[in-house]
Peer 1: 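Structure below; questions to follow.
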Protein chains: 4
Amino acid sequence: MSLNKVILIGNVGKDPDVRYFDSGSAIASFPLATSERGYTLANGTVIPERTEWHNIVARRDLVSFVEKWVKKGSGLYVEGKIRTRTYDDQNGIKRYVTEIHADRIEFYSTGSRPADSSMAQTATNTSNTMSQPVQPNTGYQQPGTAIQSPSPSFSESNEADDLPF
Amino acid sequence: MSLNKVILIGNVGKDPDVRYFDSGSAIASFPLATSERGYTLANGTVIPERTEWHNIVARRDLVSFVEKWVKKGSGLYVEGKIRTRTYDDQNGIKRYVTEIHADRIEFYSTGSRPADSSMAQTATNTSNTMSQPVQPNTGYQQPGTAIQSPSPSFSESNEADDLPF
Amino acid sequence: MSLNKVILIGNVGKDPDVRYFDSGSAIASFPLATSERGYTLANGTVIPERTEWHNIVARRDLVSFVEKWVKKGSGLYVEGKIRTRTYDDQNGIKRYVTEIHADRIEFYSTGSRPADSSMAQTATNTSNTMSQPVQPNTGYQQPGTAIQSPSPSFSESNEADDLPF
Amino acid sequence: MSLNKVILIGNVGKDPDVRYFDSGSAIASFPLATSERGYTLANGTVIPERTEWHNIVARRDLVSFVEKWVKKGSGLYVEGKIRTRTYDDQNGIKRYVTEIHADRIEFYSTGSRPADSSMAQTATNTSNTMSQPVQPNTGYQQPGTAIQSPSPSFSESNEADDLPF
DNA sequence: TTTT
DNA sequence: TTTT
C-alpha cells in the first residue's frame, strides 16, 4: 500500500565514485543536477534559476553500466526511490543524507547530435555492429537514446523482438 | 532539459504543521511514510520491512486542503519535486534537509470502504450534497478517492464536464 | 528527447492470455482496470464512477511471472509505455488498438492482509524459505508487496544487499 | 485503489484543434509524437526508429494555454491519464480511440536556446516584465522551460514565493 | 503529423 | 559539481 517513485532527467556533476566490497557487491554514486529555470514576475521580482542536486546511488547491474558510461556532464534519465540514511559525523552528531537509489539509468540525449544508442544500452551487447565511442570522455559524449519509458538497461533493452507484431 | 518528479503513496505520520506568514502566504508540512515490505531470501536471510519517511511541504492552495483534511494516519497520494535546503543547526553546523514540495495531494483510499470522495476534493465545493465527515480524525478516516492520474485538487477535480463525450 | 511512461495501479480483469512462438519468445496479455470514483457536484450533478480498461502486454522475463502469478482479480502495479498498433479487422478495415507494454509488473496489495511478498517477486527465487501460496487463484490472493518504486521483478528484487549500509 | 498516470515528453504533430461548446466549455486536442531511437543488434538485425503518436486532449484552463502557445513542432511535457472512448464510425461499427487527458502541459525546451520561460507559463501573468514572443509560430519557438516536476501551468507556476525559505 |  |  505504498509507492516511492522518483523520475529525474538531469546532468551528472562529476565522475561517478565506484566502490567494491569484499562480498563481491559494488556501489556507484554520483551527483545529478536538475535545474529550474529562473523567471521574472509581473511585479518585477526576479526568481533566479535554481539547481537541485541529487545523490544517485546505483547497485548491482547498474554499477558496471555507470562505471563504463556515465561521466561528468552526462545527460541522464534516472528512475528510482528515495532513501534517507543516517550516519554520525566526525563530531558524533547524527546526520541525514537523502539519496536516490536507482532502478533504471538511461542516457538522455540533450537534443543535439543523433547519438548512437546501441553501445551504451546493454552490458551483454558488446559485440554489436555499431561503432564504439572513440573518446568516450571528451566533453559532450552521450551514447544517449530517446526514452520510451526507457527499457531496463540490462534486461530488456537491446533484445530482439522476433514477434509477429 | 530537466525533470524532477516524485510520486508517493503512503500514510501521514502526524497531524500537519501549518504556519502563516505576514505576507499572507502559508506553508503546511507533515511526514509521510512509505513502506517496503520485508521478505526472506532463498538463503534464509531475512530482509526486514523498511519504512521511509518523507518531509512533505505544501504551499498555496494546497495549504488549506491539508489543514482541513489531512490528519495523522491519512492515506495520501502525493506528487511533487525533491528539494534539499540547508540551514545552520544550533551549533552553527550546516545541515541538509530534503523535502518533497507537493504539486498535488489526493486522498488514496486503502481499499476498504467505498469512501465518498467529493468533500475532500475541492475547496470551493463546500455546499455539495454529500455528507461531511463527522469525526475526521478518528483513526482510519479517509475522504479518499481512487486516483486516475489524480486531477488537481482545486483546479480540476469536481468541475462538471458538460462535454458531448 | 522523448519520454513515454505509464504508471498504473489496478485490477486484472481476467486470467492472462499467454502465447508462445516458434522463435522461443512469448507474450502475455491481460486487461487491467483502473477506476475513478464517482462523486456529486455542488449543484447536485452526479458524476458516476468510471472504469478504464488497459490492455497490458508483457514480454520476455515478465511472461513467466505473469503466467505463474497473475490472475483475474490480482491487484497490480504496472509500469510501461504506450503503444498503438494497427490491424485489419474481418472487414478489411484498419483498426487501432492501444496497449501498455509493461516494463515492470508488481503485485500491489490492496491493504488488507500482510501479504508475503517473496515468492511472487523472483523467477529465480523458487527455493526460498517462504511458504508458497496454496490456492493461488481463490479470489483475493495477492502475493503482493508494497512498492517502493518497485524494483525490477527479476533483476533486482530479492537479491541480497550485503552492503555495509 | 487505482492509479492511471501518463508522463510524456515529445513533439506536437500539428497545430491544435480547439472547439468551443455552447455550455461555455472548450476542448483542445493535438497529436504528440514520442520516438524510440532505432539500433542494431549484435547479430546485425536493425531495429528501426519507432514513433508513437498520442492523442492529447486538454480541457478547462489548459485549453487557453494550448490555444495560445502550442503549435506544430512544439516540444512538450504532458502529464495526464489514459482514456479510451468508443464511437460508431460511418459504417455503424464501434470504434475505440485512446486519448491522453492532460492534467498538466509544459513546454520542454529541447536543449538549444536559453528560452525565456515566463510568458508561456501563466494565463494570469500577462502584464509581466518579460518580452512577449513576437512571432509565436515561426518555426522553432518555444516559450519553454526546464521542468522540475513542472508546476501547474496556471495555479502555481509564476506566483511569488515570499517565504522566508 | 513531430522531433533527433 | 552539471547543464541550458
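Protein chains get the first letters and strands the later ones, always in sequence-line order, with residue 1 at the start of each.
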Peer 1: What's the CZ-C1' distance between A:R37 and F:dT3, to the nearest Å?
Peer 2: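 Interatomic distance, CZ of A:R37 to C1' of F:dT3: 10 Å.
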
Peer 1: Could you work out which one of E:dT1, F:dT2, E:dT3 sits closest to the side chain of D:K14?
Peer 2: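 Per side-chain heavy atoms of D:K14, the pick is E:dT1.
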
Peer 1: In whole angstrom, what separates A:I100's CD1 from F:dT2's C1'?
Peer 2: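 From A:I100 CD1 to F:dT2 C1': 16 Å.
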
Peer 1: Within the distance-only criterion (no hydrogens, no angle test), does the side chain of B:D103 pair as donor or acceptor with the backbone N or O of B:E79 below 3.5 angstrom?
Peer 2: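 No.
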
Peer 1: Expressed as a whole number of angstroms, how long is the span from A:E36:CD to F:dT2:P?
Peer 2: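 Computing the A:E36:CD to F:dT2:P distance gives 19 Å.
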
Peer 1: Between A:L32 (CG) and F:dT1 (P), how many Å, whole number?
Peer 2: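 My rounded result for the distance is 16 Å.
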
Peer 1: Could you pull out all residues at least two apart from D:D89 that satisfy salt bridge (Lys or Arg N to Asp or Glu O under 4.0 Å)?
Peer 2: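 Checked D:D89 against salt bridge (Lys or Arg N to Asp or Glu O under 4.0 Å); matches are D:R95.
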
Peer 1: B:Y96 OH to F:dT1 P: how many Å, rounded?
Peer 2: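 After rounding, the reported distance stands at 12 Å.
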
Peer 1: Ion pair present between A:E52 and B:K81, side-chain N to carboxylate O less than 4.0 angstrom?
Peer 2: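 B:K81 and A:E52: not salt-bridged.
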
Peer 1: Looking at E:dT2, F:dT2, F:dT1, which one has an atom nearest to any side-chain atom of A:P31?
Peer 2: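 Per side-chain heavy atoms of A:P31, the pick is F:dT1.
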
Peer 1: Nearest-Å distance, OH (A:Y108) to P (F:dT3)?
Peer 2: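 From A:Y108 OH to F:dT3 P: 17 Å.
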
Peer 1: Whole angstrom is fine here: how far is it from CH2 in A:W53 over to P in F:dT3?
Peer 2: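 Spelled out: CH2 on A:W53 to P on F:dT3 is 8 Å.
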
Peer 1: Choosing from F:dT1, F:dT3, E:dT3, which nucleotide comes nearest the side chain of A:K72?
Peer 2: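 Within the option list, the nearest is F:dT1.
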
Peer 1: Under the rule for side-chain contact (heavy atoms from CB on, under 4.5 Å), what residues qualify as partners of A:A33, not counting sequence neighbours?
Peer 2: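 Applying side-chain contact (heavy atoms from CB on, under 4.5 Å) to A:A33 gives A:T51, A:W53.
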
Peer 1: Could you tell me how far apart D:D15 (CG) and E:dT1 (P) are, to the nearest whole angstrom?
Peer 2: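 Going from CG in D:D15 over to P in E:dT1 covers 14 Å.
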
